Protein chains: 2
Amino acid sequence: MDRRQTTQRTLVLSAVTDQLEHPTAQQVYDKIHEDFPGIGKATVYRNLNLLADEGKLLKIEGIEGPVHFDSTLKTHSHLECKVCNKVIDVDFTIDGEVFENIERTTGFGDLNRNIVISGICPDCLKTVLDGKE
Amino acid sequence: MDRRQTTQRTLVLSAVTDQLEHPTAQQVYDKIHEDFPGIGKATVYRNLNLLADEGKLLKIEGIEGPVHFDSTLKTHSHLECKVCNKVIDVDFTIDGEVFENIERTTGFGDLNRNIVISGICPDCLKTVLDGKE
DNA sequence: GTGCCTGCAAATGTTTTGCAAACCT
DNA sequence: AGGTTTGCAAAACATTTGCAGGCAC
């Protein structure tokens, strides 16, 4: 199954790598739509998944709400704000030995080293403390 | 907002605590439906969320596909099979010091100690290795 | 020219919500 | 009685899929 280089594919990749930070499919769609109104949402979804399969993007799953994408390929984890849904990188990984131990005791394999931890971001913390709303 | 004790509410709680392991809302619904066909799916969803809010159940989020629920309230983590969607407990938590460090450097607060790690369960590993399918 | 890709619309799957009737206390 | 809760259907939301036409190679 050989891949073709289409305008849409290029735009999707560049939106994630050059223009946005941890965007969702919707945000990628909106961004591209500004300059290229003809693009269809299904095309964005298809290309994001395809690029993630090829290893050119990282799919951040395990988040409440829509999936986010990341152009940083190195293993790292993410913090997700449960209030505003923002996602940030955090330079933390679970020790390799711990993973091996989990795999050994549970029989699970192929564990995903990119984990997601949810919490409340600084901005939303402020709001919560202030207005209690 | 005082709560009332209804048949449905009791059935939902008992389905998760006594009858099923890490069920999804659908599985809870199916189970209860066997003996109590009148129950509505919205009622199951409403009660699961309500019981989780009250702290009587744990909502396992950060999973691909439907949310699961857990009757084990103590802090622990979960392994999720990305093939068959099964969820199992794993007696592992990230070191408290690490969490504090993340909170300090990122400004995030209220981090969720119950994390989800996805991988492939023993049964599905077997299938993958065998049939390559 | 072949067949991968696109855009559109419709379908899917999970969860939430509006509403009138029923029920708990 | 009064407010909560229920069941149903419809809505909401994210994502996938079927299909006919278009484009890359």
Side-chain angles (χ1 to χ4, degrees), chain A residues 1-16 20 22-54 56-57 59-69 80 82 84-85 87 116, chain B residues 1-16 20 22-54 56-69 80 82-85 87 116:
Chain A
M1 195 189 287
D2 45 13
R3 300 272 148 77
R4 291 174 188 180
Q5 181 161 348
T6 62
T7 311
Q8 291 87 337
R9 191 108 87 215
T10 308
L11 287 171
V12 168
L13 180 58
S14 118
V16 180
L20 301 165
H22 299 121
T24 61
Q26 178 69 52
Q27 291 169 330
V28 171
Y29 172 77
D30 289 342
K31 187 69 183 172
I32 297 175
H33 201 261
E34 291 174 9
D35 301 312
F36 192 92
I39 199 163
K41 200 176 282 192
T43 301
V44 173
Y45 275 96
R46 273 187 291 238
N47 281 313
L48 285 170
N49 284 329
L50 206 139
L51 291 162
D53 277 352
E54 288 179 333
K56 295 188 180 138
L57 292 179
K59 197 171 180 177
I60 313 176
E61 302 178 297
I63 298 219
E64 278 202 81
V67 169
H68 292 238
F69 292 84
E80 169 215 3
K82 69 180 88 165
C84 71
N85 268 43
V87 171
V116 175
Chain B
M1 193 191 288
D2 45 11
R3 299 273 148 77
R4 291 174 188 181
Q5 181 161 349
T6 62
T7 310
Q8 291 89 335
R9 190 107 86 215
T10 309
L11 287 171
V12 167
L13 181 57
S14 119
V16 180
L20 301 164
H22 301 121
T24 61
Q26 179 68 52
Q27 291 169 330
V28 171
Y29 171 77
D30 289 343
K31 187 69 184 172
I32 298 176
H33 201 260
E34 292 174 11
D35 301 313
F36 193 92
I39 198 164
K41 200 176 283 193
T43 302
V44 173
Y45 275 96
R46 274 186 291 239
N47 280 314
L48 285 170
N49 283 330
L50 207 141
L51 291 163
D53 277 353
E54 287 179 334
K56 295 189 180 137
L57 292 179
L58 189 69
K59 198 171 180 175
I60 312 175
E61 302 178 297
I63 298 221
E64 278 201 81
V67 170
H68 292 238
F69 291 84
E80 169 214 3
K82 68 179 88 166
V83 178
C84 71
N85 269 43
V87 171
V116 175

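Quantities reported herein were computed from a predicted structural model and do not represent experimental measurements. Numbers restart at 1 for each chain; the letters A, B, ... are given by sequence-line order, proteins then strands. The figures that follow rest on heavy atoms only: side chains count, while hydrogens, waters and symmetry mates do not.
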If you check every side-chain atom of [X], which of [options] has the closest atom?
X: Pro66(B); options: dT6(D), dT14(C), dT15(D); value: dT14(C)
X: Arg46(A); options: dC19(D), dT16(C), dT15(C); value: dC19(D)
X: Ala25(B); options: dT15(C), dT6(C), dT16(C); value: dT15(C)
X: Thr6(B); options: dT16(C), dC24(C), dT6(C); value: dC24(C)
X: Ala42(A); options: dT15(D), dC8(C), dT6(D); value: dC8(C)

Quiz item: dT5(D) phosphate, OP1 or OP2: any side-chain N/O from Arg9(B) under 4.0 angstrom?
Solution: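 Indeed, a polar side-chain atom of Arg9(B) lies that close.
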Exercise. Check whether any side-chain N or O of Asn49(A) sits under 4.0 Å from OP1 or OP2 of dT15(D), and answer yes or no.
Key: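 Result: no.
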Can you tell me if [X] uses its side chain to pair, donor with acceptor, with the backbone of [Y] under 3.5 Å?
X: Glu80(B); Y: Glu64(B); result: yes
X: Arg9(A); Y: Asn47(A); result: no
X: His22(B); Y: Phe69(B); result: no

Calculate the interatomic distance between [X] atom [atom1] and [N] atom [atom2]; express it in whole Å.
X: Asn85(B); N: dG13(C); atom1: CG; atom2: P; result: 13 Å
X: Asp2(B); N: dC23(C); atom1: CG; atom2: C1'; result: 14 Å
X: Leu48(A); N: dC5(C); atom1: CG; atom2: P; result: 15 Å
X: Glu64(A); N: dA14(D); atom1: CD; atom2: P; result: 13 Å
X: Leu51(B); N: dT5(D); atom1: CG; atom2: P; result: 11 Å
X: Leu50(B); N: dT15(C); atom1: CG; atom2: P; result: 16 Å
X: Leu13(A); N: dC5(C); atom1: CG; atom2: P; result: 15 Å
X: Lys41(A); N: dA11(C); atom1: NZ; atom2: C1'; result: 16 Å

Quiz item: Given that Gln5(B) and Tyr45(B) both sit by DNA chain C, which one's nearest nucleotide is further toward the 5' end?
Solution: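 Closest to the 5' end, via its nearest nucleotide, is Tyr45(B).
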Exercise. Step through the shown structure and confirm whether more than 12 heavy atoms of other residues, nucleotides or ligands are within 6.0 Å of CD on Glu54(B).
Key: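 For Glu54(B), atom CD is crowded (more than 12 foreign heavy atoms under 6.0 Å).
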Exercise. Could you point out which residue of Gln27(B), Gln26(B), His33(B) forms a side chain to side chain donor-acceptor pair (under 3.5 Å) with Asp30(B)?
Key: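 Running side chain to side chain donor-acceptor pair (under 3.5 Å) over Gln27(B), Gln26(B), His33(B) with Asp30(B) returns exactly one hit, Gln26(B).
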Exercise. For Gly38(B), report the nucleic acid contact type (base, sugar-phosphate, nothing); a contact means any heavy atom under 4.0 Å.
Key: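 Result for Gly38(B) = sugar-phosphate.
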